[in-house]
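Read through the structure below, which is laid out as structure tokens, and then see the notes.
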Amino acid sequence: MSAERLYTPQMLAAAVELAEFPPLEDAQFVGSARSAACGSTLEMGLSLDDSGHIAKLGMKVRACAVGQAAAAIFARHAVGKGPDDMAAALEAFSAWLENDGPLPDWPDVALIVPARDYAGRHGAMLLPWKAAVAALSTAAQAG
């Protein structure tokens, strides 16, 4: 698959959306993730509502356009989700990338589907869910 088919205009447009989710100065909880395959990193700050669900988020993303697009589609739809939602989403994405599961039930996931054929991008695609799970487990421990 060529780079033109991987980096679609829609994926690149999603990647620039990250400007709408700058790091939170007042984050209650922070989680981070790193892709061993490519070195991409993501640090996520979360503020939670009274029921422990995401109320606000911000990110610092150092990743390729695929990782940036994954972070953007995560951020578009993460508010209102709780620890169980994030753990299930991470499990679904991991299984899908390993060819062991169906396309994850996450809005706008179609934007990153072309990257599935590039195993070297899988780690970058999982960064936002891994960082969210890390931040939410910190919240559970503080609970």
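Atoms CD and CZ, on E43 and R34 in that order, are 14.5 Å from each other to the nearest 0.5 Å. Atom SG of C38 and atom CZ of R62 lie 14.0 Å apart (nearest 0.5 Å). W129 contributes atom CH2, which lies 9.0 Å from atom CE of M44 (distance to the nearest 0.5 angstrom). Considering CG of L46 and OG1 of T138, their distance stands at 9.5 Å, rounded to 0.5 Å. Atom CG of residue D108 and atom CD of residue E17 lie 8.0 Å apart, to the nearest 0.5 angstrom. A distance of 13.5 Å separates CE in M59 from OG in S32, rounded to the nearest 0.5 Å.
Screening S40, P114, S35, C64 for a side-chain contact (heavy atoms from CB on, under 4.5 Å) with R121, the sole residue that qualifies is C64. The only member of L126, L127, L18 that meets side-chain contact (heavy atoms from CB on, under 4.5 Å) when paired with L42 is L127.
L6 and I73 fall within the same hydrophobic cluster, defined by Ile, Leu, Val, Met, Phe, Trp and Tyr side-chain heavy atoms under 4.5 Å apart, directly or through other members. V16 is not connected to M11 by any chain of hydrophobic side-chain contacts under 4.5 Å among Ile, Leu, Val, Met, Phe, Trp and Tyr, and they are in different clusters. Cluster membership for V30 and F74, using ILVMFWY side-chain heavy atoms within less than 4.5 angstrom, is not shared. Each of L24 and V79 belongs to its own hydrophobic cluster when Ile, Leu, Val, Met, Phe, Trp and Tyr are linked at side-chain heavy-atom distances under 4.5 angstrom.
F21 has its side chain within reach of L57: a pair of non-hydrogen atoms, C-beta onward, lies under 4.5 Å apart.
In this structure, K56 places its NZ atom where only 12 or fewer heavy-atom neighbours from other residues, nucleotides or ligands lie under 6.0 Å away. No more than 12 heavy-atom neighbours from other residues, nucleotides or ligands sit within 6.0 angstrom of CG on D105.
For V61 against A71, the heavy-atom pair with the smallest separation is CG2-CB, 4.1 Å. Nearest heavy-atom pair across G31 and A134 is CA-CB, 4.1 Å. Residues V109 and P104 share a closest heavy-atom pair of CG1-O, 3.7 Å. Smallest separation of non-hydrogen atoms from A70 and A124: CB-O, 4.4 Å. Of all heavy-atom pairs spanning V66 and A115, the tightest one is CG1-CB, 3.6 Å. A27 and G45 get closest at one heavy-atom pair: CB-CA, 3.7 Å.
A search for side chain to side chain donor-acceptor pair (under 3.5 Å) contacts involving N99 returns R116, not counting sequence neighbours.
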Q: Start with the C-alpha gap between W96 and V113, add the side-chain angles, then the distance that decides, and say whether side-chain contact (heavy atoms from CB on, under 4.5 Å) holds.
A: CA-CA 10 Å; W96 172 67; V113 166; 4.0 Å; yes
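Taking the six-membered ring where the residue is Trp, F93 and W106 present perpendicular rings, their angle passing 60° and hence far from 30°.
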